[in-house]
Visitor: 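Below is the structure I would like to discuss, written out as structure tokens.
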Amino acid sequence: MTAVADDADALKRPTNSVEFGSLYSSQNSARFGQYNGLNDGGFYGLGSFDIRGGDGYDDSKNSALRWKLNGSNLGTTSRNVDGLVGDQGKWKVNLGYDELQHNITNTYQTPLQGSIGGNNFTLPENFGSVNGAGTSNPNTRTLSSIQRGDFHTERESVSRKNGSISTSYTFSEQLSAQIDYSHLDQSGAKLIGTGSQGGINLLGGSTGRAEGVNILMNPTSYQTDNVNAALNWKGDKGHLTSGYYGSIFHDDFNSLNWQSSQASAASGCAGSNCYVNNTMSTAPSNSLHQANLTGGYNFTSATKLAGGFSYGYNAQNSSYAPTLIPQAIGTPYNMMQAGGLPASSLNGGVETKHGDLKLTNQSIKDLTLSAGFKYNERVNLTSSNTYKYMNIANVPYSGVNTPYSNSKTQYETSAAYRLTKAQNVNLAYEHESVNRWCDSVVGGAQCVSSPASEEDKIGLTYRLKALDDVNFNAGYTYANRRADVSNFQANAGNYGITSLVTATGSANSGFNAGNFLGYVAFPYANRSQNLGKAGVNWQVTQKLDVGLNGRYSYDNYDATLGVQNGHSAGVNIDMTYSYAENSTVSAYWNWQNGQRNMRSGNGGANGNTSASVVGAASQAVAPTNLWNNQLEGNSNTVGLLTRRGGLLSGKLDLIGDASYARDTTGYSTQVPYLATCGSATTLTCGSLSPIANEIISLKLTGQYKVHKNGKVSLAYMYQKLNSNDYFYYGEQFGVTANRVMPTGLQMQSYAVNVVALSYNYSF
Amino acid sequence: AESVQLTVGKASAKSPAQMIDKDSECTRCHDENEAKPILSIYQTAHGNKADARTPGCQSCHGESVKHIASKSEAPDVIFGAKKGVYTPNKSLDQNVACLTCHEKDPKRTHWQGGAHQTADLSCASCHVVHSAHDKVREKPTQALVCFTCHQDQKAQASKFSHHPIPEGKIACSDCHNSHGSAGPKLLVKNTVTETCYTCHAEKRGPFLWEHQPVSEDCTNCHTPHGSNITPLLKSRPPFMCDECHDGPHQSKSPVAGNAAGMPGGLTTTLPSESFTGRACMNCHSMVHGSNNPAGALLHR
């Protein structure tokens, strides 16, 4: 008894460890180092620790006090440090710090001057105007050598630094409280397009056009404070938690400002006089305050009720970005028409409401019944106004904001029955109602093309334990959504109210959100879904496990134009063989395929100018001008993982991990009404070269025990990405699209070798 | 386990040393030589004996009188999903031992009738309570446990564009509550958007100019576990935009090679900015919503 107690006592104590070493990475690659902190080639420090202690590990002391300190990836921008101390059953305090740098690209080029993380970007004095084609669309190949010399490379990344503190206190067996607070600091920038193309006529008739679309470094200068507070009560039969969740988001900027060049030199155009100053908005600061109540009650051990309610208010009143934009010469450019700006900020507010209840009953032997209800509502209380401004093509535009609200009600019930000791069947039914609307929109414009939908879903799952070692499962689900798509005059695209009234059917008429009659956006279309899946898991021996699982789903949309149908399929095979103690080998193969088929109609505006016969001309478009587009994605992943422990008298462990993954995404467009795909310069039909990404990865790790408390670890990793994406062709100087300033972004293929050597001391 | 007398959940008046002695009825055989971790449970919350709520071996496994008398007899309650020396109890019975203490917890309120409960999972399907480091409770290793069943997500998480799940910076439990929730797909919040906003609060707005599918469900355009198209997109503009818009200017027009912006075949006329590179998002860049009074069409 005493000896056993001594063993137990020794094993109660935690094993602490400290690891330090160095790592070498062979190549700069933002993609390889996207999240692991290894975006630069060179040496990195390795450091981690796990230290635990407290009298709570010593049963000779009647104390439940324990503490721990953890740190990992200390030498990279993915570092993490945590500290916890608590008297178990009474109180606990947890402090944490986590860092993550998301590396985006190292190859972005721009002539604009300004630092990453800033919100002002200017063209250099010598850039001048772009005189490719006068005031019409210019040709990027006309950028002069001086202008091309102004291009410089910037590295894009966003850093997240998150500090947190979490505390809990137990007042009694029934009552406890918890407060969590975190502060997230984000800095850096992500690339964004700028809708400043088109002619902003300034400076004595000169035109801001040319390479008007600049891809900018949109600053990420955010702070987010999150608070979670909860008071928990639990009794013999029930429990209840009342909580508060607060999230305060702050953006240091409310605008992004930059200069674009002119296509035609203005009188007096020289240096910065040749540029147009532009501005756009950034993410507005906002807040969310939410009260939550969740709990459960056991009527009997077999009949239980659980549910929750919450109410939240999301406010946003960040001042609008400036609309009066100073220019180098002449008067400032006013983006708003006279009297077109009804307020200096939105004073927006959204109410979110949630309620759910679920009753489960197991009073009948082998039968589990459940019935539930869920309700979610998002009510946008923001007032609707008319904003009259100058669009990016410098044409007057009237827009009405349509504060969007929606609600979803779900009823669900299920019955799970154990047919025999080895067979289970589960039947589930769900009904979902969705409503969408806008309150008090100026001019009475309708804001959603599909104001409501109803969906029924039924599912059947069967599980069979064929033998002690073989588990089989199969399931089928059918869903049918019936949507109200009659509201074809919805102003969902915020199109101008004046043209909505005339309903000319032009692109921005508001007519069916500018779409052809018969076109339905896929999230709001009538839809049927069929989903089947099956799998078998076989424990061949105590050492060998094999699994085979597959799924197939088919969606069909009832829409004349828009997404027609799609399918998704997947197969997975995996095997694990434990051939000795601490020694395993496992292999897997995963295949996934998806396809989406879409039909649309060419022809542009329908030309109908009579509000009384809205859509008639649109209907005439089909079938003569119909075209189809198909999206197909394929994914193949194979992997082999092996671990061999206990070599060299138990001193050496080896780990090997090899994987290969290839993903392709292809687009194909067919235009039956055309004899050919059009001219070689327009290519209106045919297939794009697939977006292909192939990742080969090999990791080898050896851990050698140099003495009782010390291990040396040597690791080698090779990872190669072969990336082929047509996106990048259009970013290169000479072939960028009309009006788009080239960025020179390069495909992100890499081949990186990493070697790591570390020493781990445990005590 | 109705026929098994479990004492789990009953506060003990014994001292830590007395409880260790009680455990020794088991640990005299199940000692440090066991292949599976047994005694390391004392390093976990379940082994902190000064907490009167802490169970002993027999609190969860039952008194197991027959097993103590003869190894050939199984203990009253065997946890786990795989057959070992003994066949595990059915999950419903295994879970009684855990839920007696853990059911009345806000994070497990929706366990009953939840996806994992109805799939006949037991707590021990994911948790190794005897281990000093339960993989599923530690961020860097949690996904490895979830991926044993969720193989499609395992493959997706390593795609060209992904959340930092393989890197151990985001855990599945940051978005999902595997013990059940009131949200879809066991999400930690009540809706998809609420869940995404916990990290992406800059997308929350409300914006002056909203984009309807954005404020309704982020997954209309994004796929959260991984994609071949960055950033976590289901498709790429202009084709993605075409799935909802055939109205504005050139989105009624068929497009193929133009979208590639490739020099071949496009040497005399440059491709349209509506189709090339960022395509629609060259100009309509504020797709998550715009707060600019001159940005109704999500340009600014």
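Chain identifiers are assigned alphabetically (A, B, ...) following the order of the sequence lines, protein sequences preceding nucleic acid strands; residue numbering begins at 1 within each chain.
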Visitor: Contact part of Asn549(A) toward chain B, heavy-atom cut-off under 4.5 Å: side chain, backbone, both or neither?
Guide: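 Interface part for Asn549(A): neither.
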Visitor: Identify which of Asp51(B), Asn48(B), Thr193(B) forms the greatest number of heavy-atom pairs closer than 4.5 Å to chain A.
Guide: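 Going by pairs under 4.5 Å, I would pick Asn48(B).
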Visitor: Output yes when a side-chain donor or acceptor of Ser290(B) lies under 3.5 Å from a complementary backbone atom of Arg300(B), and no otherwise.
Guide: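 Flag set: sc Ser290(B) to bb Arg300(B) pair under 3.5 Å.
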Visitor: For Ser723(A), is it the side chain, the backbone, both or neither that has a heavy atom under 4.5 Å from a heavy atom of chain B?
Guide: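 Contact with chain B: side chain only.
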Visitor: So for Ile192(A), is it side chain, backbone, both, or neither that comes closer than 4.5 Å to the heavy atoms of chain B?
Guide: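 For Ile192(A), the contact with chain B is made by backbone and side chain together.
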Visitor: Give, as side chain, backbone, both or neither, the part of Ser63(A) having an atom under 4.5 angstrom from any heavy atom of chain B.
Guide: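 For Ser63(A), the contact with chain B is made by the backbone alone.
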Visitor: With a 4.5 angstrom heavy-atom cut-off, is it the side chain or the backbone of Thr664(A) that approaches chain B, or both, or neither?
Guide: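 Only the backbone of Thr664(A) comes within 4.5 Å of chain B.
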Visitor: Could you tell me how the ring of Tyr397(A) sits relative to the ring of Tyr389(A): parallel (under 30°), tilted (30 to 60°) or perpendicular (over 60°)?
Guide: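 Tilted: the ring planes of Tyr397(A) and Tyr389(A) meet at 30° to 60°.
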Visitor: So which residue, Gly113(B), Gly180(B), Ala182(B), ends up with the most heavy-atom pairs under 4.5 Å with chain A?
Guide: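 The residue among Gly113(B), Gly180(B), Ala182(B) with the greatest pair count is Ala182(B).
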Visitor: Of the backbone (N, CA, C, O) and the side chain (C-beta and beyond), which part of Asn693(A) lies under 4.5 Å from a heavy atom of chain B, both, or neither?
Guide: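 For Asn693(A), the contact with chain B is made by backbone and side chain together.
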Visitor: Output all residues satisfying side-chain hydrogen bond (donor to acceptor under 3.5 Å, both in side chains) with Lys234(A), sequence neighbours left out; order by chain, then residue number.
Guide: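 If we apply the side-chain hydrogen bond (donor to acceptor under 3.5 Å, both in side chains) test to Lys234(A), skipping adjacent residues, there are no hits.
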Visitor: Among Met281(B), Lys49(B), Lys189(B), single out the residue with the greatest number of heavy-atom pairs under 4.5 Å to chain A.
Guide: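 Sorted descending by pairs with chain A, the first entry is Lys189(B).
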Visitor: Which region of Asn254(A), side chain (C-beta onward) or backbone (N, CA, C, O), has a non-hydrogen atom less than 4.5 Å from a non-hydrogen atom of chain B, or is it both or neither?
Guide: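 Neither part; nothing is under 4.5 Å.
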Visitor: So what's closer than 4.5 Å to chain B heavy atoms on Asn376(A): side chain, backbone, both or neither?
Guide: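 Interface part for Asn376(A): side chain.
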Visitor: Heavy-atom distance under 4.5 Å to chain B: side chain of Ser247(A), backbone, both or neither?
Guide: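 Interface part for Ser247(A): both.
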Visitor: Asn380(A) versus chain B, heavy atoms under 4.5 Å apart: side chain, backbone, both or neither?
Guide: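 Looking at Asn380(A), just its side chain touches chain B.
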Visitor: Should the pair Tyr387(A) and Trp209(B) be assigned to parallel (<30°), tilted (30 to 60°) or perpendicular (>60°) ring geometry?
Guide: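 Because their plane-to-plane angle is over 60°, the rings of Tyr387(A) and Trp209(B) count as perpendicular.
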Visitor: Of all of Gln151(B), Arg236(B), Lys234(B), His162(B), which one pairs up most often with chain A through heavy atoms under 4.5 Å apart?
Guide: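 Of the candidates given, the most pairs with chain A belong to Arg236(B).
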Visitor: Which atoms of Asn590(A) come close to chain B, meaning under 4.5 Å heavy atom to heavy atom: side chain ones, backbone ones, both, or neither?
Guide: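 Side chain only.
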Visitor: Once salt bridge (Lys or Arg N to Asp or Glu O under 4.0 Å) is applied, do any residues pair with Lys154(B), and if so which ones, sequence neighbours excluded?
Guide: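 If we apply the salt bridge (Lys or Arg N to Asp or Glu O under 4.0 Å) test to Lys154(B), skipping adjacent residues, there are no hits.
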Visitor: Between Gln88(A) and chain B, with a heavy-atom cut-off of 4.5 Å, which part of the residue counts as in contact: side chain, backbone, both or neither?
Guide: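 Both backbone and side chain of Gln88(A) come within 4.5 Å of chain B.
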Visitor: Heavy-atom cut-off 4.5 Å, strictly under: side chain, backbone, both or neither for Tyr404(A) against chain B?
Guide: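 Its backbone and side chain both get close to chain B.
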Visitor: At a 4.5 Å cut-off on heavy atoms, which part of Leu346(A) comes close to chain B: side chain, backbone, both, or neither?
Guide: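 For Leu346(A), side-chain heavy atoms alone lie under 4.5 Å from chain B.
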